[in-house]
Number of protein chains: 2
Amino acid sequence: MRADAQRNADKLRTAATALCRERGLQVSLKEIARHAGVSHGTLYNLFGTREALIDEVIGDIAAKRLGDAARRAQACDDAWEGFAGYVTEVCELQATDPALGDVLTRRCPQAVRLMAVCDNTAAAAASIIDRARSAGTLRPDFTTEDLIFFLASNAALARAAESTGAPGWRRSVAFLLDGLRTAAAHPLPTAPLKPAQLHHMLVGEPAAS
Amino acid sequence: MRADAQRNADKLRTAATALCRERGLQVSLKEIARHAGVSHGTLYNLFGTREALIDEVIGDIAAKRLGDAARRAQACDDAWEGFAGYVTEVCELQATDPALGDVLTRRCPQAVRLMAVCDNTAAAAASIIDRARSAGTLRPDFTTEDLIFFLASNAALARAAESTGAPGWRRSVAFLLDGLRTAAAHPLPTAPLKPAQLHHMLVGEPAAS
DNA sequence: CCTTATCTTGACCCCGTGGTCAAGATGCCT
DNA sequence: AGGCATCTTGACCACGGGGTCAAGATAAGG
C-alpha cells in the first residue's frame, strides 16, 4: 500500500469513527469522505463497502466498551447489583454513543465483527441474567431476549434524551428494574421471545426511521 | 370545487390513510399520489403540504381511538386496572397502527390537529395516572412524562414486533407495570422530566431514523 | 354546443443517496 | 531523473425525495 493511500485510509477511519459515534452507523459514505477531505471515490477504493469501513472502525470500540461493562457486572459481588449496574451502563453507552446503540440493534447486519460483538454481548447478558436469577433476586421469567428488547426500544430515545440534558432513560431503567425484582413479579401475558424472533424483529425493521 | 377534484381528493385521502396506517406518517407524497392513481402535482394542488393531508386524514382516527382508550380506562372501576389497561391498549394501538405511534411521538409537529390529539392524550393520561396514584396502587413518583417516554421508546419496536407475530412489547409492558406498583417502588435516580424537556426530546430528534 | 374557469398532468428543478470508472496525478523504485 | 504501478479525482449513472409550473384536459354553465 502506497503511503498516500495509507494516509487517506487513516483520515477516512478517523472521520468515520467520529461521525458514527455522534450520528450512528448509517451516516452517508459521501459525508464521511467529505469530512475526511477526500473524494468519495477514494473511500470506495480503499474500503469497498460501508460495512467494511464501519466494521473496522467501530468493532474494537464496541467490543471493548460492551465487554468492559459485562466484566464489571460479573466482577460485582452482588448478583443483583451486577445485573442492575450492567443494564444501566449499557443504556448509558447507548445514550452517549449512538454507534453502540446501532450495534446492539443490529442496524448493520452485514458487518460481521459488529454482529459478533452483538452475539458476545447477548451471551454475556445471558450469564449476568442467569446469575441474578439463580441468586433469587431477579425474577425467573426474565430472559435475555427481554433485555435486548428493552435495550433496543431505549436506543433511539436514550440518544435523543442525552442531547437535551434530560436523562429520561435513567428513570425508565429504574422502573424496569423495580419490575424485575422477584418480589415484584406478576404473571406475564405472553411466552418469551425466541432468539430467532428477536433477530428477525431487529433486522427486519430498522427502527422507524 | 369541481367534481373531479372532489373525487381526486377522496382518492388521495383514501390512499394516504391506508399508507400512513401501515407505514407511518412519513410516507412519501409521491407514493401516496401513485397509490391513488393521480399525479403528484394534483396532491400539491389539493392539499398543499403533507401536514394538511395527514392532519385531515389521521386526525379523526387518532382522536377517536386514543380517546376511546382513555374513556375506557376512566370508566374502569379499579384505578389500577384502568391504568394498566390504558397503557396496554395504547401500546397495542401503536403496534397495530404505525400512524398512531407517530402521532404520539410528535413525528409531524406541523400537523396542528395531530398535536392537539397528542396534548389531549397527555391530559387524559395525566388524569388516569392521578387516579391510580391517589388510589395508592400506582407509585407516587411516576409522572405523565414517564409514561410518554415509555410509549415513545416502545413505538418503533412494537410495530416491528407485531409484524413478526411475536408481541415482545406485551412482556415489556408487563415488566413496566410490575415496576410501577407502589409496593415495588425504589427511589429513582433522577428528577422527573419537565414537559418542555420531553417535548424538545421528541420533536428535536425524530427517533433514529 | 361552446366558452371559460378550474383542474390535471408530467416534465422539470433542486437536493440527497449509493456506486462506477476513465483520465490524470502521485508515490516509489530503479 | 524517469518510468511504471498505484492511487485519486470528479464527472457520471440510476434512484429517490420535495416542490413548481406551463400547457393541455375537462367539468360546468350559458
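Below, read A as the first sequence line, B as the second, and so on, with proteins coming before strands; counting in each chain starts at 1.
With 3.5 Å as the limit, one finds no donor-acceptor pair spanning the side chains of A:Asp130 and A:Ser127. In summary, the side chains of A:Gln110 and A:Thr49 do not present any donor paired with an acceptor at a separation below 3.5 Å, with no hydrogens or angles considered.
Comparing D:dA27, D:dT9, C:dT17 against the side chain of A:Thr42 picks out D:dT9 as the nearest. When distances are taken from the side chain of B:Arg2 to each of D:dG19, C:dT17, C:dA5, the shortest belongs to C:dA5. Side-chain proximity of A:Ala5 to the nucleotides D:dC7, D:dA27, C:dG19 is greatest for D:dC7.
Between A:Asn8 and D:dT8 there is a side-chain N or O to OP1 or OP2 distance below 4.0 Å. Taking 4.0 angstrom as the limit, A:Ser39 places none of its side-chain polar atoms (N or O) nearer than this to OP1 or OP2 of D:dT8. B:Arg34 has a side-chain polar atom (N or O) that falls below the 4.0 Å cut-off from OP1 or OP2 of D:dG17. For D:dG18, the OP1/OP2 oxygens have a side-chain nitrogen or oxygen of B:Arg50 closer than 4.0 Å.
The base of D:dT20 lies close enough to the side chain of B:His40 for a donor and an acceptor atom to sit less than 3.5 Å apart. For B:Lys30 and D:dG16, a side-chain-to-base donor-acceptor distance below 3.5 Å is absent, hydrogens and geometry of angles not being considered.
The OH atom of B:Tyr44 sits 8 Å away from the P atom of D:dT20 (whole-angstrom rounding). The distance from atom CD1 of A:Ile32 to atom P of C:dT17 is 11 Å, rounded to the nearest whole Å. If you measure from atom CG of B:Leu29 to atom P of D:dG17, you get 10 Å, rounded to the nearest angstrom. Separating the CG atom of A:Leu46 from the P atom of C:dG27 is a distance of 15 Å, rounded to the nearest angstrom. For B:Glu31 and D:dG17, the CD to C1' distance is 11 Å, given to the nearest whole Å. When the P atom of D:dA28 is taken as reference, atom CD of B:Gln6 falls 11 Å away, rounded to whole Å. One interatomic measurement links the two molecules: CG of A:Asp4 to C1' of C:dG27, which rounds to 6 Å at whole-angstrom precision. Atom pair B:Leu43:CG and C:dC7:P shows a separation of 15 Å (rounding to whole Å applied).
Two residues are said to be in side-chain contact when any heavy atoms from C-beta on lie closer than 4.5 Å; A:Phe142 and A:Phe83 meet this criterion. Annotation: side chain of A:Cys76 is not in contact with side chain of A:Tyr86 (no heavy-atom distance under 4.5 Å).
If you check every strand for non-hydrogen atoms under 4.0 Å, A:Asn45 touches a base. Nucleic acid contact for B:Ser28: sugar-phosphate only, since backbone atoms but no base atoms lie under 4.0 Å from a heavy atom of the residue.
To the nearest 0.5 Å, the span separating CH2 on A:Trp169 from OG1 on A:Thr88 amounts to 6.5 Å.
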